[in-house]
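The chains referred to below are lettered A, B, ... by the order of the sequence lines, with proteins before strands, and numbering in each begins at 1.
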Amino acid sequence: MSYWLMKSEPEEVSIDDALALPAVPWVGVRNYQARNFMRDTMRIGDGVLFYHSSCAEPGITGIAEVISGSYPDSTQFDVSSKYFDPKATPENPRWMLVDIKAVRKTRLLSLSEMRNCEHLAEMLVLKKGSRLSITPVSSSEWAAVMALLDE
DNA sequence: GCCAACGTTGGC
DNA sequence: GCCAACGTTGGC
């Protein structure tokens, strides 16, 4: 069992949107490192910190769970999608994704609060220049986030 | 809107 | 394989 942090722009898919859906296919990832996490490492049951990015109050807003294995992101084949990739074909898909399910909404754990927590000092999402939309979270970081959310 | 940091592209 | 140019991310 592993843990992850997944960024979502709330104007695209917010935690409330995610909670209203039985499953959220994590479409639109077009970065190879993030794709590889979904394709190669994520497992059903893995824990996910749902993070709002590119918004007024960036931070963790919920808990989710991986509920599928990886499969091709259908938007790569859709010419009308902004995620269309002309180099991808159904025979040779380039982008893979997993489904997640939102488990619960939490209070907003803001980026600044995360930065002020000594137990999260090494968290990848807090590293300078970090832009990866999916990052692994250690079990101690997960525990520290859960403790902060209980405060 | 700014801009630092990073990833990708493409000429050579 | 190098690397300059370009595009994107995302906090502020």
Q.
If you count every heavy atom of other residues, nucleotides or ligands that lies below 6.0 Å from Lys105(A) atom NZ, does the total exceed 12?
A. no

(Q) Expressed as a whole number of angstroms, how long is the span from Met6(A):CE to dT9(C):P? (A) 16 Å

Q) How many Å lie between CG on Leu108(A) and P on dG11(C), as a whole number? A) 12 Å

Q: Return the value, rounded to whole Å, for the distance between atom CH2 of Trp95(A) and atom P of dG7(B).
A: 13 Å

Q: Kindly say if Arg35(A) contacts the phosphate of dG7(B), meaning a side-chain N or O under 4.0 Å from OP1 or OP2.
A: no

Q: Among dA4(B), dC6(B), dG11(C), find the nucleotide with the atom closest to the side chain of Lys128(A).
A: dA4(B)

Q. Starting at CG of Leu124(A) and ending at C1' of dC6(B), how long is that distance when rounded to a whole Å?
A. 15 Å

Q: Round to a whole Å and report the spacing from NZ of Lys87(A) to C1' of dT9(B).
A: 8 Å

Q | Integer-rounded Å distance: dT8(B) P and Gln33(A) CD | A | 9 Å

Q: First locate atom CD of Glu12(A), then atom NE2 of His52(A), and finally report the distance between them rounded to the nearest 0.5 Å.
A: 11.5 Å

Q: Consider the side chain of Lys7(A), meaning its heavy atoms from C-beta on, and name the nucleotide among dG10(C), dG11(C), dG7(B) that approaches it most closely.
A: dG10(C)

(Q) What I want to check is whether the side chains of Arg30(A) and Thr75(A) have a donor and an acceptor closer together than 3.5 Å. (A) yes

Q.
Is there a side-chain contact between Arg94(A) and Tyr32(A) in this structure, where contact means two heavy atoms from C-beta onward sitting under 4.5 Å apart?
A. yes

Q) Could you state the CZ-C1' distance from Arg30(A) to dT8(C), rounded to the nearest angstrom? A) 14 Å

Q) Between Tyr51(A) and dG11(C), is there a side-chain N or O to OP1/OP2 distance below 4.0 Å? A) yes

Q) Within this structure, what is the CG-to-P distance between Leu132(A) and dC6(B), rounded to whole angstrom? A) 11 Å

